[in-house]
Number of protein chains: 2
Amino acid sequence: MFSLSEENYLKAIFHLERSYPTGVSTNALAEEMSTKASSVTDMIKRLSEKKLVAYKKYQGVKLSKFGRETAVEVIRKHRLWEVFLVDKLGFAWDEVHEVAEQLEHIKSDKLIKELDRFLDFPKRDPHGDPIPDSKGNFVTSNKVLLAELKKGESGICIGVKDSSPEFLQYLDKNNIALGQLIVILEKESFDQSMLINLNGKELKISNVISSNLYIKTS
Amino acid sequence: MFSLSEENYLKAIFHLERSYPTGVSTNALAEEMSTKASSVTDMIKRLSEKKLVAYKKYQGVKLSKFGRETAVEVIRKHRLWEVFLVDKLGFAWDEVHEVAEQLEHIKSDKLIKELDRFLDFPKRDPHGDPIPDSKGNFVTSNKVLLAELKKGESGICIGVKDSSPEFLQYLDKNNIALGQLIVILEKESFDQSMLINLNGKELKISNVISSNLYIKTS
DNA sequence: AATATTATTTAGATGAGTCTAAAAAAGCTT
DNA sequence: AAGCTTTTTTAGACTCATCTAAATAATATT
Ligand SMILES: [Mn+2]
Ligand SMILES: [Mn+2]
Ligand SMILES: [Mn+2]
Ligand SMILES: [Mn+2]
C-alpha cells in the first residue's frame, strides 16, 4: 500500500512518460507536481527503493511494470469516481476532478469492484478518457486534435486535452459536448482560427480551443 | 480544513464525552485512538490552539462548540457513506466501517449534499445509528440494552453497541437483524443469559450478546 | 501526613514530505 | 577545450504525527 503522495507521483510520471519516452526529467515532474526539484529527487529515491520506478542519477525516471500497474489502478479509480459523480450525483463535468483527486486514494478492492458494477462498467470518463478495466487494460482510440484537421474535414468530438473547469465551462457555454459532429467550414491561415458547424449552428473558435479538443478519426 | 488525524481525534472525543462528561481523560483518548498518552497530549495542544477543544493541564478535554460541529460533520459523512455502501453497492453491514473510516475524510460540501439526496436523506446508518442532517441535528431515540430488560418484556431491535465485524456476523448467523421483535422468554439469574423469541423461533443468547443490542422502548 | 501508585506531561528522537540554498553534473557555446 | 548556463542532486532545516523514557502532578493507601 502506498501513500497519497507516492500515488500522485506515479500518476504524474505515467502521464509524462508520453512526452518523455526516454525518462521523465526531474524538472518536468516538479512542474507537474507543483513542487521543487529537490523534493522530486527525494521522492524518486523512495519510489526507486520500492521498485516502483527505475532511476539513475541525472537520467530521469521510468515506471517499472509494478509502478505502471499501480499508476493505472489509481487512474482507474479516479475516472470511475468521476463517472459516479456525474452520472449518479449530478455533478457537472467541470466539477468532478478535484473530488476525484481525493477519492482515487481510497483503499478497498471491493469498493472499486462494486462501484464499477454499479456504474455498469463504463468505458470512458466524463471527459472522454478511457477507464482501465480491473486488469489494467484500456482502449486507445484513434484521435486527433481538431486543430490538425483542414477545411472541409469533419469528425466526432470524443475528448478534451485540457480538462480544467475554465475550458469545460467554455465548451458548455458554446454547447460543445462529447459525441457531437463538428464540420470545419473555414480555417484562417493567419491565426488558425476556425469557423465550424455544430448542430446546424455556425461557431467561430480560436486555435487555443481547437488545440484542446480531440476528434475521432478512424 | 483539518487533517485526517485531527478529525479522528475529534470523533473520538465526541464519542467519549458521553462516558466522561467532566472531560475526556488523556488515557481514555489514548486507548480509543490506539496510541500513547504522550501523543494524545501533543494532539490535544494542537486542537486547543485551533479552538476545537477546551484543555487545561491534567483536567482532560472537552469539545468546543466548533469542535463538536466538526466532529458531527465527520460522523454524518461516515454514516452516509455506510448507507451508500450497503444500499447502493451491496456491502454487508459488517464490511462498511473500515471503508467509511477513509471516505469520511473526503472534503467536498457538494459531494456530501448530493450523496445525502441520492440516498434519499436516510435517518439511520446500517447499524441503527442516527445520521445528523446538514445542520448537525440528529434524532436521539429512546433505547435500552436488551440486557436491561426482564423476563416477559419485549421490544424492537434498533441498533448495536458493538459494531465489529465479529459481532455483526454473529447476529447474521443467528438471523438477528434491526427492526425485529424480540421477546424475552426466560432470563437466567446466574449468568444473565436469555431465551428469546425471534420470528417465532427460540434462541439462547449470552449476556455478552444482550449487552450489545439496543431495543426501542417508548 | 507520608508514601506508594497511577495519570499526565515534558524532553528528545524518528520518519515522511516538504522547503531553501549551495554544490555538482550535464549540456551548450564559442 | 574552456567557460557559461541549465539541470539535478545534496545538505540542512522545518512541520506533523508519532514514539520511548524520564519527570512531575494527582490520587489512593496506609
Ligand atoms: Mn480528472
Ligand atoms: Mn477525467
Ligand atoms: Mn462505522
Ligand atoms: Mn455505523
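Every chain is numbered from 1, with letters handed out A, B, ... down the list of sequences.
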Task: Heavy-atom contact window of chain A on DNA chain D, given 5' to 3' at under 4.0 Å - done: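 Range of nucleotides touched by chain A: D:dT7 to D:dT10.
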
- [ ] Among residues two or more places apart or on two chains, list those pairs meeting ring pair (Phe, Tyr, Trp, His ring centres under 6.0 Å) that have a residue in residues 94-138 of chain A.
- [x]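 Pairs touching residues 94-138 of chain A that pass the test: A:His78-A:His97.
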
Let me have the donor-acceptor pairs involving side chains of residues 207-217 of chain A, under 3.5 Å, with sequence neighbours excluded, atom names and distances please.
from	atom 1	to	atom 2	distance (Å)
A:Asn207	OD1	A:Ser211	OG	3.4
A:Ser210	OG	A:Asn207	O	3.3
A:Ser211	OG	A:Asn207	O	2.7
A:Asn212	OD1	A:Asp162	N	3.3
A:Asn212	ND2	A:Val208	O	3.0
A:Thr217	OG1	A:Asn142	O	3.1

TODO: Map B:Tyr58 and A:Asn27 onto DNA chain D by nearest heavy atom, then report which one ends up closer to the 5' terminus.
DONE: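 Its nearest nucleotide being more 5', the pick is A:Asn27.
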
Task: Student check: side-chain heavy atoms of A:Ile182 and A:Cys157 closer than 4.5 Å - done: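 Yes; the side chains approach each other to less than 4.5 Å.
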
Open item on the list: A:Glu73: which residues meet the salt bridge (Lys or Arg N to Asp or Glu O under 4.0 Å) condition with it, sequence neighbours left out?
Closed with: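 Residues passing salt bridge (Lys or Arg N to Asp or Glu O under 4.0 Å) with A:Glu73: none at all.
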
Task: Ionic contact status for A:Glu104 with A:Arg76, cut-off 4.0 Å - done: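 No, this pair does not count.
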
Give me, pair by pair, the N or O atoms of the protein and of nucleotides 10-15 of chain C that are less than 3.5 Å apart, along with how far apart they are.
from	atom 1	to	atom 2	distance (Å)
C:dT10	OP1	B:Lys57	NZ	2.4
C:dT10	OP2	B:Lys45	NZ	2.4

Open item on the list: Test of understanding: with ring-ring contact (aromatic ring centres under 6.0 Å, His included), list the residues that count as partners of A:Phe84, not counting sequence neighbours.
Closed with: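 ring-ring contact (aromatic ring centres under 6.0 Å, His included) check on A:Phe84 returns A:Trp81, B:Phe84.
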
Task: Set of residues satisfying ring-ring contact (aromatic ring centres under 6.0 Å, His included) with respect to B:Phe91, sequence neighbours excluded - done: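 ring-ring contact (aromatic ring centres under 6.0 Å, His included) list for B:Phe91, sorted by chain: empty.
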
- [ ] State, to the nearest 10°, the angle formed by the axis through the first five base pairs of the helix from C:dA1-D:dT30 to C:dT30-D:dA1 and the axis through its last five.
- [x]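 About 10° separates the two local helix axes.
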
Open item on the list: B:Lys107: which residues meet the side chain to side chain donor-acceptor pair (under 3.5 Å) condition with it, sequence neighbours left out?
Closed with: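 B:Glu7.
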
Task: Counterpart residues, side chain to side chain donor-acceptor pair (under 3.5 Å), relative to B:Lys65 (two or more places apart) - done: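 For B:Lys65 the side chain to side chain donor-acceptor pair (under 3.5 Å) partners, ignoring immediate neighbours, are B:Glu69.
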
Atom pairs and distances, side-chain donor-acceptor, residues 12-41 of chain B, under 3.5 Å, sequence neighbours left out:
from	atom 1	to	atom 2	distance (Å)
B:Glu17	OE1	B:Arg68	NH2	3.1
B:Glu17	OE2	B:Leu63	N	2.7
B:Ser25	OG	B:Ala28	N	3.1
B:Thr41	OG1	B:Ala37	O	3.2

TODO: Using whole Å, report how far CG of B:Leu4 lies from C1' of C:dA16.
DONE: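 Nearest whole value for this atom pair: 15 Å.
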
Open item on the list: Just to be sure I understand the rule, does A:Thr26 reach a base, reach only the sugar-phosphate, or reach nothing, if contact means heavy atoms closer than 4.0 Å?
Closed with: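 Sugar-phosphate contact only - A:Thr26 comes under 4.0 Å of backbone atoms but never of a base.
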
Task: Contact residues, residues 99-107 of chain A to DNA chain D [heavy atom, < 4.0 Å] - done: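 The answer is none.
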
